[in-house]
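Here the structure is laid out as structure tokens; the discussion comes afterwards.
Values below: all heavy atoms of this structure, side chains included; hydrogens, waters and symmetry mates excluded. Quick caveat: nothing in here was measured; it's all calculated off a predicted structure. Throughout, numbering of the chain's residues begins at 1 and tracks the sequence.
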Amino acid sequence: MTEVAVPVQAHTTLDISGMTCAACSARVERALRAVPGVAEARVNLMTGMASVDFNPDDVSPAALAAAVRESGYGAEQAENKDSRARLSQRETERNDEVIRLHRQFWPSAVAAVVTMLLSMRLHDAGPDAGPLRYLLLLITALVLIGPGRQFFVRGWRAARHGGADMNSLVALGTGAAMLLSVAITIRTDWFSSRGLPADVYFEAVTAIIAFVLLGRLLEARARGQSSAAIRRLAGLAPRTVHRMIAGGTEEVDIDAVHVGDLLLCRPGERIPVDGSVVDGRSNVDESMLTGEPLPVLKTTGDRVIGGTLNGLGALRIQATEVGAATALARILRLVEEAQTSKPAIQRLADRISGVFVPIVAALAVVVFLVWWLIGPQPSALHGFVSAVTVLIIACPCAMGLAVPTAVMVSTGRGAELGILIKGGEVLERSSGVNLIALDKTGTITEGRPSVTAIVLVEGDTGSENELLADAGAVEKLSEHPIATAVIRAAGARGLVLSEPSEFAALAGKGASAIVQGRQIQLGNRRLMQEFGVTDSELDALDRHLPASASIIFVARDGRLAGALAVADPVRAGSREAVSELHRHGYEVVLLSGDREAAARAVAAQVGITRVEADQLPGQKLEAIQRWRSEGRVVAMVGDGLNDGPALAAADVGIAMGTGTDVAMAAAAITLVGGDPMGVPRALELSRQALRIIRQNLWWAFGYNLVALPVAAGVLYPAFGLLLTPGVAAAAMALSSVSVVANSLRLRSVTGNR
């Protein structure tokens with residue numbers, strides 16, 4: 001069948017309920033993908049979320065939720081609640097699930113122990129075994145009607161919708177064992193007269209249910225631990241805030257805060273929303289959002305982030321972003337989306353999980369027939385027990401949990417370290433990076449440059465202040481860090497900047513605008529040459545300025561008027577980050593739009609030997625493409641508007657969180673606090689995550705490759721070894737718990753070795 005491309009115009013997230021194994025998530029994905037207008041659907045068993053790309057002209061989110069419900073599961077739009085409300089609801093549901101599983105497991109466990117002890121006495125009871133069998137039947141029936149009922153209900157629901165899952169396997173196995181045991185209990189003489197042992201399997205039924213419930217209980221608790229990082233982030237914002245009113249303050253719910261409100265943040269309280277300080281001075285701990293351990297001094301005019309911890313001072317803050325627009329809310333949204341995404345390595349596991357249950361059911365039938373036809377006597381009974389054991393041991397849960405648990409834990413841990421990773425596919429690509437291209441301004445340097453020198457063209461009748469005022473007027477509308485430096489320098493001299501018109505940002509070159517009727521152009525050497533300025537004129541200015549500084553040439557109506565030297569200090573941690581990258585074997589390149597001398601001076605300070613300077617955005621893009629064509633796996637680290645194309649073209653784009661929205665949108669990874677050490681931390685986290693994913697998949701596949709033949713009885717001819725259904729249930733539960741426990745090791749990753 002030919003697939004028709006569906007134009008993706010919208011995205012929605014659904015909360016899915018009722019999934020218990022990988023076969024469930026695979027069926028929900030198939031149901032969503034079958035809806036006309038759906039381009040892609042990804043379902044995460046761990047988070048209980050579905051991420052769907054669709055064409056809104058063909059289908060609505062409500063119709064998508066209806067399609068899921070028709071497949072036998074619950075669904076509602078996640079967008080109907082904000083991230084914190086969704087997380088709170090999931091936390092409540094998870095706690096309720098753990099409580100429910102406790103209530104189901106302990107009676108089952110007690111019943112399993114009792115039936116096991118009674119079954120041991122059954123063998124010695126002889127002719128008096130009848131009443132004991134009926135007592136075992138009663139206890140087992142109560143377990144099936146009570147805690148075990150869910151497996152039959154969910155298995156039947158799956159069958160009604162044309163599918164099968166883990167519940168189907170448990171229901172088939174325990175149901176078959178129960179029916180045989182009931183038949184033997186009622187017609188013991190019939191079995192004995194035909195030479196068949198009158199053995200019942202009530203203890204196996206109760207043990208299977210107890211072990212499966214124990215596995216689910218441990219898994220539910222582990223899922224809670226794996227999402228702990230996200231819950232901690234969601235809990236950072238306070239529930240109530242102190243809003244300033246005439247004559248004092250009032251305590252209001254955080255949802256009642258609006259943009260422009262004045263809020264009071266007292267010592268030791270968490271900053272409620274994103275805003276700017278209008279009065280006060282305090283050190284603020286931003287480590288939970290940025291990964292930067294040292295508190296940051298905040299004074300009047302500084303930006304503060306909701307959820308960060310105020311120090312010993314009181315701050316009066318004007319709210320600039322509230323609700324879903326805050327940095328914390330955006331981070332939570334990004335991490336949630338990341339946890340729903342899937343790396344390519346999961347595709348094989350998904351394909352196998354989707355068809356695994358029917359294959360196992362068919363294998364159980366084959367095992368029964370083989371034992372019945374060629375096995376030792378009583379061959380039919382041996383075949384029945386082996387078939388039940390195959391059904392129980394072969395649950396595909398471990399395969400379904402192998403990847404999403406690792407992705408969930410690693411993206412959550414990344415968020416704690418101030419590293420936002422856009423999903424499993426990014427983790428997979430990042431783990432293979434071998435070349436890292438670093439932008440200079442705002443990446444290696446602080447992005448807070450300052451004007452250190454001003455030079456006028458010889459014979460120019462203007463003054464330094466006039467040149468700086470013209471440059472500052474143009475830069476008023478620019479997003480570049482150098483623009484801030486120019487404006488700050490003008491402000492320091494008390495200059496009043498005119499309002500520019502016809503502003504144009506010339507990517508990789510500079511900017512231009514009309515200022516008081518004159519065309520002002522400022523930028524690099526290449527821009528000046530486009531206006532006919534000669535190299536000799538540029539060199540005459542250049543020789544009077546520091547070789548390590550970035551140079552901004554200023555022209556009026558196409559004639560060179562002067563130049564500004566701008567110095568940008570190297571970020572704390574840049575040299576350490578480059579050293580760490582070199583230590584792990586990465587090739588590091590400084591890829592800068594700045595002039596050669598300035599780029600090499602910064603490179604020397606941080607320990608980079610390979611430099612490509614004077615690069616326009618298109619040339620940066622070409623460099624990335626060239627390295628990739630040579631077989632390199634490239635990570636590009638940048639922060640500016642001109643880095644956007646290169647970030648998007650790289651195998652992995654890493655944006656500094658202090659940079660532009662364009663850079664962060666184009667990047668696969670965002671470093672919230674802009675700490676250069678976030679680069680080696682992100683790559684190390686990715687390597688560790690992929691290593692854990694591979695271990696999980698090896699375990700999940702290996703477990704089934706070994707367990708299924710053993711359960712079928714291949715070791716019986718040589719060693720007389722047969723697994724019992726109870727042992728099979730314990731092994732199945734252990735496989736799922738092992739995968740989750742292995743993934744939880746990622747919570748301790750720091751990014752440093």
Would you find a donor on one side and an acceptor on the other, under 3.5 Å apart, between the side chain of Asp651 and the backbone of Val634? yes

Would you confirm whether Ser431, through its side chain, and Arg687, through its main-chain N or O, come within 3.5 Å as a donor-acceptor pair? no

Tell me if the CZ atom of Arg526 is crowded by more than 12 foreign heavy atoms within 6.0 Å. yes

Least distance between heavy atoms, Gln615 atom then Glu612 atom: CG-O, 3.5 Å

How close do Val611 and Ala603 get, counting heavy atoms only, and between which atoms? CG2-CB, 3.5 Å

Could you go through Ser282 and Asn310, starting from their C-alpha distance and side-chain angles, then the distance that decides it, and tell me whether this counts as side-chain hydrogen bond (donor to acceptor under 3.5 Å, both in side chains)? CA-CA 7 Å; Ser282 183; Asn310 187 24; 2.6 Å; yes

Is any side-chain N of the basic residue among Arg681 and Glu684 closer than 4.0 Å to the acidic one's carboxylate O? no

Nearest atoms (heavy-atom pairs only) where Cys265 meets Ile317: CB-CD1, 4.0 Å

How about Glu630: does its CD atom have over 12 heavy atoms from other parts shown lying under 6.0 Å from it? yes

Between Arg632 and Glu587, does at least one N-O distance fall below 4.0 Å, as a salt bridge requires? yes

Is the shortest side-chain N to carboxylate O distance from Glu530 to Lys509 below 4.0 Å? yes

May I have the step-by-step check of side chain to side chain contact (heavy atoms under 4.5 Å, CB included) for Met636 and Asp439, ending in yes or no? CA-CA 8 Å; Met636 172 68 195; Asp439 176 47; 4.2 Å; yes

I'd like to know whether His242 forms a side-chain hydrogen bond (donor to acceptor under 3.5 Å, both in side chains) with Glu269, so could you lay out the CA-CA distance, the side-chain angles of the two residues, the decisive distance to 0.1 Å, and finally the verdict. CA-CA 11 Å; His242 307 291; Glu269 292 182 339; 3.0 Å; yes

Using atom types as modelled and distance alone, determine if a side-chain donor or acceptor of Ser579 lies under 3.5 Å from a backbone N or O of Arg575. no

Specify the closest pair of heavy atoms between Pro272 and Leu263, including all atoms of both residues, with the distance to one decimal. CG-CD1, 3.7 Å

Worked verdict on Glu537 versus Thr534 for side-chain hydrogen bond (donor to acceptor under 3.5 Å, both in side chains): CA-CA 5 Å; Glu537 291 177 283; Thr534 65; 3.1 Å; yes

Sub-4.5 Å side-chain heavy-atom contact between Val457 and Leu541: yes

Determine the minimum heavy-atom distance between Ala513 and Phe503, stating which atoms define it. CB-CA, 3.9 Å

Kindly indicate, with the supporting measurements, whether the criterion side-chain hydrogen bond (donor to acceptor under 3.5 Å, both in side chains) is fulfilled by Gln688 and Arg691. CA-CA 5 Å; Gln688 296 281 8; Arg691 183 172 64 84; 2.6 Å; yes

Can Leu564 and Ile551 be said to form a side chain to side chain contact (heavy atoms under 4.5 Å, CB included), step by step? CA-CA 6 Å; Leu564 312 176; Ile551 306 301; over 6 Å; no

Under 3.5 Å: donor-acceptor pair, side chain of Ser512, backbone of Ile520: no

Spell out, as yes or no, whether a donor-acceptor pair under 3.5 Å connects the side chain of Arg270 to the backbone of Gly307. yes

Okay, side chain of Asn434, backbone of Val633: is any donor-acceptor separation there less than 3.5 Å? yes

Is there a donor-acceptor pair closer than 3.5 Å between any side-chain N or O of Asp279 and the backbone N or O of Arg316? no

Is any NZ, NE, NH1 or NH2 atom of the basic residue among Arg525 and Asp542 found under 4.0 Å from an Asp or Glu carboxylate oxygen of the other? yes

Is there a donor-acceptor contact under 3.5 Å linking the side chains of Asn465 and Arg493? yes

Quick check against the 3.5 Å criterion: does Ser629 have a side-chain atom that pairs as donor or acceptor with the backbone of Arg626? yes

Given side chain to side chain contact (heavy atoms under 4.5 Å, CB included), test Leu683 with Leu581 step by step and report yes or no. CA-CA 9 Å; Leu683 296 175; Leu581 292 171; 4.0 Å; yes

Evaluate the side chain to side chain contact (heavy atoms under 4.5 Å, CB included) criterion for residues Tyr586 and Val433: first the C-alpha distance (whole Å), next the side-chain angles of each, then the deciding distance (0.1 Å), finally the verdict. CA-CA 8 Å; Tyr586 294 106; Val433 166; 4.1 Å; yes

Show the nearest heavy-atom pair for residues Glu596 and Asp614, with the distance to one decimal. N-OD2, 3.7 Å

Could you name each residue pair satisfying side chain to side chain donor-acceptor pair (under 3.5 Å) that touches residues 296-305, not counting sequence neighbours? Glu286-Lys298, Thr299-Asp302

For Gln516, look at atom CD and say whether over 12 heavy atoms of other residues, nucleotides or ligands are found less than 6.0 Å away. no

Side-chain (Arg429) to main-chain (Ala635) donor-acceptor, under 3.5 angstrom: no

Examine distances only and state if a side-chain atom of Ser410 and a backbone atom of Ala406 form a donor-acceptor pair shorter than 3.5 Å. yes

Stepwise, does the salt bridge (charged side-chain N to carboxylate O under 4.0 Å, His left out) test hold for Asp470 with Arg518? CA-CA 9 Å; Asp470 285 343; Arg518 292 183 299 180; 3.3 Å; yes

